[in-house]
Peer 1: 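Below are the structure tokens for one structure; questions will follow.
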Amino acid sequence: MSLLMTMINLVLLLSIFILFVQVFPEEAALRPNVVNVGAIFSFDTINGKVAKVAMKAAEDDINSDPSILGGRKLFVALHDSNYSSFLSFIGALQFMETDTVAIIGPQSSVMAHVLSHLANELHVPLLSFTALDPGLSPLQYPFFVQTAPNDKFQMIAIAEMVSYFGWAEVIAVFSDDNQNRNGIIMLDDKLAERRCRISYKATLPPDPMAKRSDVLRELAKIQMMESRVIVLNTFSKTGLLVFEVAKSLGMMEKGYVWIASTWLSTVLDSTSPLKPETANSIRGALTLRAHTPDSKRKRDFISRWNQLSNGSIGLNPYGLFAYDTVWMIARAVKLLFDQGGNISFSNDERLISLTGMDLNLSALSIFDGGKQLLKNVIETKMTGLTGPVRFNQDRFLINPSYDIINTVETGYRQVGYWSNHSGLSIVPPETLYGKKPNRSSSNQHLDSVVWPGGETIKPRGWVFPNNGRELRIVVPNRVSYRDFVSVVNGTNKVQGYCIDVFLAAIKLMPYAVPYRFIPFGNGHENPSYYELVSKIAAGVFDGAVGDIAIVTDRTRIVDFTQPYIESGLVVVAPVKKISSNPWSFSRPFTPSMWAVTAAFFLIVGSVVWVLEHRINDEFRGSPRQQIVTILTFSFSTMFFSHSRFFSFCYFNNSLVPTENLELRITGVYYSIIPTLGFSKFSGENTVSTLGRLVLIIWLFVVLIINSSYTASLTSILTVQQLSSPIKGIDTLISSSERIGFQIGSFAERYLTEELGIPKSRLVQLGSPEDYARALEKRQVAAVVDERPYVDLFLSDRCEFSIRGQEFSKRAWGFAFPRDSPLAIDMSTAILALSENGELQKIHDKWLSRSACSSEKSEDEAEQLDLQSFWGLFLICGIACVLALFVYSLLMFRQYSRRCPEELDSTSRNNSFSAHLRTCLSFVDGKVEKSKSSSKRKRDSMHSDV
């Protein structure tokens, strides 16, 4: 039995040993002692050298802290691609075969596009701080992570700098690779958002394959162009070569602007001291540097950099990003272990099935924890040497920002910052993150810049190219109204009002403008101005000078200068003199004005009658007499308003009515008001207070109406009048008459498209003589043309006149291609001409004509309508209503007091009709007390005298 038990124990021990031997190696494989990370760089480049030192420093710092990976070691394997995409690909395959959990790199975006496909299949995250191509989308390449600010933000910063300095065009010089090419495409988009553009794109072979001859050829082309703002987006070897050639060509002198991407700041930070010829060639340029906030960790790392690098190279921001990238991977791996994950790889069945090939593709395995590791990297929240490290939902680092650096004679100086939060500023971006974003132009600031050539004044950004080509200025070859612009027969000389304005403005330009005039048109009829403007937009001409109206359709394709003359469409029609007629007296007022005035005469007369009827004997009598009283009283105010409204005289500084002149002897004033005898025009006095109040207001209204009528009638009878059935553009729209317009003018399109007039009604006319002939023979009812033309036309043709008001306000200006800086400078010159009076002198020289004798159209002596007086009628109407309302209240109060006595004297079966008769009888009744009281007061006053 004991032997049997011994045998069983041995079997159990053997089984446990076998199980331990099988399980332990698997557990050891899942939790390796070394975590492999690969790095692919060209270690002969500046960023490659800096990254090598920084990544090894991060590796040492991580391995020195057992709490990071739980006692495991991080190993960063370095692979030198030596500028070769092929070697980069080979290095990536080698890392994939050796159970690498992540790869730092590649250095170039070209290989990032390629290796990202491999990373997607094998689930190995790629983290790069130098391949910052905006085209590397996380949707297409989910396993590729950019651990430094994407070049998209660098291009936004450059675009905002260009806009800040007021430049409209730039020239882009770039290496023809994915990162630099896509960066320029992004820059073009961002400039367009700010109404700027790239006028020329100069491509160079990919870095470092560009030769001096390649650069010389492109810069020679740029020298012949207008723009002097050059953006250089490349890498350090090609970039320094471009500056060297530019210096030799004189392109680092006054007038030029150079903006380099971040490659130049890496040269300044990592290469010290610069060679004298290099420092001299880049002087005056602007460049960007990825901004990293100041911190104690950063200062400590900088202090030990010389020891880490043995003084071989200076530290730049990409060394800090390299250090933080290694830490990001280490933290993500630690979190993977804490989440219960393991580092394990499995074979890809698709690769195993590829047999019969010499390539050992089966060695490539899928990282089982790759997706979780990638998720941990994207969700990183740490503070590194570069500041807070965190990704937004688009997988961009939060708060991308740059230092703006100006290279000067002594090295370089910082002139400001750019951040995606607040734009351009002179304070560190981190101090603004707690404030509300403010991207307004007034909040954008940079310090002063020393430009190429040592200039401190901001360059204009463009010049006329030194290529011998003059500006091609097109002028319309007009056959009519040649005072504005014309070509002298048999010569290429042009003259006219518009030409003189242009020549005067050219003299005020701050630089020389070579140009030549090119006539446009066949010389037999006026050219099409829409076609002329289209030629400028197409690049056939460099500008247009002439009588060119600034209209909406044209402003969409060209830029206009400041207007130099106001214009607008007007209607011209034949007119005839108006002879006097028996009814001329009715012309000052419109029919509605006559009707309302007559109605108010009757209304006021009726109101005064109501107010005076019970207390004034002069407003009583038979119905016929009372009607006559109302009519004579109301209409007599028209003729006596002046005398009665001002029928006062001063005596002893007292105001006395003229009809009580006997009181002037005593100068008694207190007794005047109760005895005012206003309106004794036809024998009627007003004695009630309400009646006098209404009458005073009505006399004021009559005074104004009477004065206005007199003035208007005087004008009508003394000034010669012109008449026409055409009152303005509204008359033409509502009629079916034919309308003339000038050939080539925008009037045709305006009449048809804006006013909806059929083309069949429009008649083309080519000259002032055609205008007069067509109007005289009634071929057209009117002509629609611009005001400057019409003024010249009417200067010696008095049988025609402008009808109605000017409509469609317009102006004339000179046209230039979109975003042309010449348009801005020319506008400034035109404003100066206007301010110093030169513009008016040119106008008087060409356009002043002896006008016809003083004549007025009937529109100029417009009839007085109700709209001019409705306020007066409203005041008078309100006064009448209020007076009647107060009078009604008083009547009701008196009647209610007397009502019981009346009821006692009538029958007990009193009906409504009886009440009504009683009420009307009361209202119509005569109040004797008022008159006797008034008489007693007058007698008393006479006795006092």
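Excluded from the calculations below are hydrogen atoms, water molecules and symmetry mates; all remaining heavy atoms, backbone and side chain alike, are included. Note that the numbering runs from 1 along the sequence shown for the chain.
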Peer 1: Check whether any side-chain heavy atom of Val784 sits under 4.5 Å from a side-chain heavy atom of Val571, and report yes or no.
Peer 2: yes

Peer 1: Tell me, please, which residues at least two apart from Ser820 pass side chain to side chain contact (heavy atoms under 4.5 Å, CB included).
Peer 2: Phe816, Pro817, Leu822

Peer 1: Between Trp594 and Tyr709, how do the two ring planes meet: parallel, tilted or perpendicular, split at 30° and 60°?
Peer 2: perpendicular

Peer 1: Determine whether Phe502 and Val485 make a side-chain contact, defined as any pair of heavy atoms from C-beta on separated by less than 4.5 Å.
Peer 2: no

Peer 1: Answer whether the closest heavy-atom distance between the side chains of Val701 and Val604 falls below 4.5 Å.
Peer 2: no

Peer 1: Pairs in or reaching into residues 484-506: which pass salt bridge (Lys or Arg N to Asp or Glu O under 4.0 Å), with residues at least two apart or in two chains?
Peer 2: Asp500-Lys845

Peer 1: Out of Trp812, Tyr497, Tyr481, Tyr789, which residue meets the side chain to side chain donor-acceptor pair (under 3.5 Å) rule with Asp547?
Peer 2: Tyr789

Peer 1: Can you list the residues that meet the side chain to side chain contact (heavy atoms under 4.5 Å, CB included) rule with Ala537, with sequence neighbours excluded?
Peer 2: Ile557, Val558

Peer 1: Would you call Glu806 and Arg787 a salt bridge, taking side-chain N to carboxylate O under 4.0 Å as the test?
Peer 2: yes

Peer 1: If you define the side chain from C-beta out and look only at heavy atoms, does anything of Tyr564 sit under 4.5 Å from His843?
Peer 2: no

Peer 1: Under 6.0 Å from the six-membered ring centre of Phe484 and within 45° of its axis: does the NZ or CZ of Arg478 meet both?
Peer 2: no

Peer 1: Could you check whether the rings of Phe807 and Tyr750 sit parallel, tilted or perpendicular, using 30° and 60° as the cut-offs?
Peer 2: tilted

Peer 1: Between side-chain atoms of residues 538-545 and protein atoms elsewhere (two or more places apart, or another chain), which donor-acceptor pairs fall under 3.5 Å?
Peer 2:
| unit_1 | atom_1 | unit_2 | atom_2 | d |
| --- | --- | --- | --- | --- |
| Asp542 | OD1 | Arg472 | NH2 | 3.1 |
| Asp542 | OD2 | Arg469 | NH1 | 2.8 |
| Asp542 | OD2 | Arg472 | N | 2.9 |
| Asp542 | OD2 | Arg472 | NE | 3.1 |

Peer 1: Tell me, with the steps shown, if Arg197 and Ser199 meet side chain to side chain donor-acceptor pair (under 3.5 Å).
Peer 2: CA-CA 6 Å; Arg197 69 186 185 98; Ser199 60; 5.6 Å; no

Peer 1: In Å, rounded to the nearest 0.5 Å, how long is the span from CD1 of Ile705 to OG1 of Thr597?
Peer 2: 4.5 Å

Peer 1: Just to verify, what does Arg761 make a salt bridge (Lys or Arg N to Asp or Glu O under 4.0 Å) with, not counting sequence neighbours?
Peer 2: none

Peer 1: Give every donor-acceptor pair under 3.5 Å between a side-chain atom in residues 831-842 and any protein atom, sequence neighbours left out.
Peer 2:
| unit_1 | atom_1 | unit_2 | atom_2 | d |
| --- | --- | --- | --- | --- |
| Asn836 | OD1 | Glu838 | N | 2.9 |
| Asn836 | ND2 | Ala832 | O | 3.2 |
| Gln840 | NE2 | Asp844 | OD1 | 2.9 |

Peer 1: Counting C-beta onward and ignoring hydrogens, is there a side-chain heavy-atom pair between Arg778 and Pro574 closer than 4.5 Å?
Peer 2: yes

Peer 1: So which atom in Ile743 and which in Asn526 form the shortest heavy-atom distance, rounded to 0.1 Å?
Peer 2: O-CB, 3.3 Å

Peer 1: Could you tell me which non-hydrogen atom of Ile550 sits nearest to which non-hydrogen atom of Pro563, and how far apart they are?
Peer 2: CD1-CG, 3.9 Å

